[in-house]
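Take a look at the structure below.
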Number of protein chains: 2
Amino acid sequence: MAGSKSGSQASTTIGRTAYGDGRLSSQREAIARVARDFSAAFSADDLLAAVRVGTPGIGIATVYRAVAAMEAAGFIEVVGVRGNATLYVHCVQEGHHHHVVCTGCGAVADAECSVKATATEAGGFAITGHDLTLYGLCPRCQP
Amino acid sequence: MAGSKSGSQASTTIGRTAYGDGRLSSQREAIARVARDFSAAFSADDLLAAVRVGTPGIGIATVYRAVAAMEAAGFIEVVGVRGNATLYVHCVQEGHHHHVVCTGCGAVADAECSVKATATEAGGFAITGHDLTLYGLCPRCQP
DNA sequence: ATCTGTGCAAAATCTTTGCATTAGC
DNA sequence: GCTAATGCAAAGATTTTGCACAGAT
C-alpha cells in the first residue's frame with residue numbers, strides 16, 4: 001500500500017524521537033539528524049562540527065544541552081571516551097542492547113544482548129544489570 | 001632459606017606489581033597501597049585525598065602520573081566515570097576479567113569472564129574482544 | 001653520578017552555567 | 001504571550017605539562 005510510508009511529513013520530526021516532548025527547535029532537529037547519521041561514535045565536538053555544515057552559527061552549549069536531552073530520551077548512549085571527551089552513539093534498538101565497536105574505523109553497530117548474568121557467583125553480588133561493549137572489525141575493515 | 005622473607009624490606013614492594021620495573025618512590029608505593037585497599041571505585045582525586053592522610057604534601061600531578069603507570073601495568077583499570085572524573089579499580093585477577101559494581105555502595109569486585117562472543121552475527125563484525133561491567137548489590141547492600 | 005619521579009603552578013581540554021534574546025507552541 | 005531553547009562568553013572541573021630539585025639505583 002502506497003501510503004504505508006506516508007512520507008508526507010517531510011522531516012517527520014525525528015526530534016520527537018530524539019528528545020521526547022517539549023519544544024523542538026530547528027537546531028535540535030538538525031543535531032538529532034546528524035547524530036542519527038553518524039556511522040561511528042562521536043564526541044560533542046564531532047557533532048558540533050558536523051552540524052555546523054548545515055547550521056552555521058550553532059554553539060557548543062546548544063550541542064551539549066541537546067546531547068543531554070537525547071541521552072535522557074535514550075536516543076543516544078555513552079559508549080566510552082576518547083582522550084578526555086565522552087563518546088556517544090545513536091541507538092537503533094530501543095530496549096536492552098549493547099554495541100559493537102570496530103577497532104579499525106570506529107564504526108559502531110547495535111548488538112543483541114546475549115549475556116546470561118551467570119556471574120551472580122561473583123562475590124555474592126545480586127546482579128541487576130550489565131553493560132557490554134564488543135570490539136572487533138566491521139565488514140569493511142576485515143582483511 | 002632464612003633470608004627469603006628478608007623481613008627488613010618492610011613493605012615488600014607492592015610497587016613492583018603496580019608499576020612494573022623502574023624506580024620505586026615512597027610516594028608511588030603509598031599510592032599503590034591505597035589503590036589496592038580501596039573497596040570501591042575511586043577517582044584520581046579520591047586517591048589523592050586518601051594518600052595525603054599518610055603522605056602529606058603529595059601533589060595531584062604525581063597521582064595522575066602514578067595512575068597512568070598503574071593502568072599501563074594492568075594493576076588498575078578504568079571502570080567508568082562519575083560526573084566528569086574517571087573511575088578506576090584495583091584488579092585482583094591478572095588475566096581477562098570484568099567487574100561487578102554495587103549500585104548501592106559502589107563496591108567493586110572482579111568477575112570471571114563468561115561471555116561467549118556469539119555476537120559475531122552483529123552486523124558482520126569479527127569480534128576480537130569485549131568489555132563487560134556487571135551491576136548489582138553486594139552482600140551488605142542486599143535487603 | 002645519573003636519571004626517574006616529585007611538586008608547584010600554569011596550561012589545555014572538556015563541560016556547564018548565566019543572561020539577554022529569539023523563536024516554538 | 002509565555003517559556004523553552006539559543007548563543008556568547010565566562011566559569012568550573014579534570015587532566016596534562018614545564019621546570020627545577022630531590023631521591024633511588
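The chains referred to below are lettered A, B, ... by the order of the sequence lines, with proteins before strands, and numbering in each begins at 1.
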Task: Reading 5' to 3' through nucleotides 15-25 of chain C, protein heavy-atom contacts under 4.0 Å coded B for base, S for sugar-phosphate only, - for none - done: BBBB----BBS

TODO: Hey, could you give me the CZ/OG1 distance between F125(B) and T103(A), rounded to the nearest 0.5 Å?
DONE: 9.5 Å

Task: Sugar-phosphate, base or nothing in reach of G57(A), heavy atoms under 4.0 Å - done: sugar-phosphate

Open item on the list: Under a plain distance cut-off of 3.5 Å, with no hydrogens placed, do H130(B) and H98(B) share a side-chain donor-acceptor pair?
Closed with: yes

Task: Aromatic plane relationship, F75(B) with H90(B) - under 30° parallel, 30 to 60° tilted, over 60° perpendicular - done: tilted

TODO: Could you tell me whether R82(B) and D45(B) have a side-chain N and a carboxylate O separated by less than 4.0 Å?
DONE: no

TODO: Check whether L132(B) and L87(B) end up in the same hydrophobic cluster, where Ile, Leu, Val, Met, Phe, Trp and Tyr are linked by side-chain heavy atoms less than 4.5 Å apart.
DONE: no

Task: Nearest-0.5 Å distance, CD1 of residue I14(B) to CZ of residue R33(B) - done: 6.0 Å

- [ ] Would you mind reading off the distance between L47(B) atom CG and dT14(D) atom C1', rounded to a whole angstrom?
- [x] 15 Å

TODO: Determine: side-chain N/O of R28(B) to OP1/OP2 of dT4(C), distance under 4.0 Å, yes or no.
DONE: no

Task: dG7(C) phosphate, OP1 or OP2, under 4.0 Å from Q27(B) side-chain N/O - done: yes

- [ ] Could you check how far CG of D46(B) sits from C1' of dT15(D), rounded to whole Å?
- [x] 15 Å

Task: Nearest-Å distance for atom pair OH/P, residues Y19(B) and dA24(D) - done: 14 Å

Task: Length of the CZ-P vector between F42(A) and dC14(C), whole Å - done: 16 Å

Open item on the list: Could you tell me how far apart R16(B) (CZ) and dA24(D) (P) are, to the nearest whole angstrom?
Closed with: 15 Å

TODO: Rounded off to whole Å, could you give me the CD1-to-P distance for the I58(B) and dG23(D) pair?
DONE: 14 Å

Open item on the list: Can you tell me if T62(B) touches the phosphate of dG7(C), counting only side-chain N or O atoms and a distance under 4.0 Å to OP1 or OP2?
Closed with: yes

Task: d(CD, E29(B); P, dG5(C)) in whole Å - done: 14 Å

- [ ] Find the distance E71(B):CD to dT15(D):C1' and express it as a whole number of Å.
- [x] 13 Å

Task: D21(A) CG: over 12 foreign heavy atoms closer than 6.0 Å - done: no

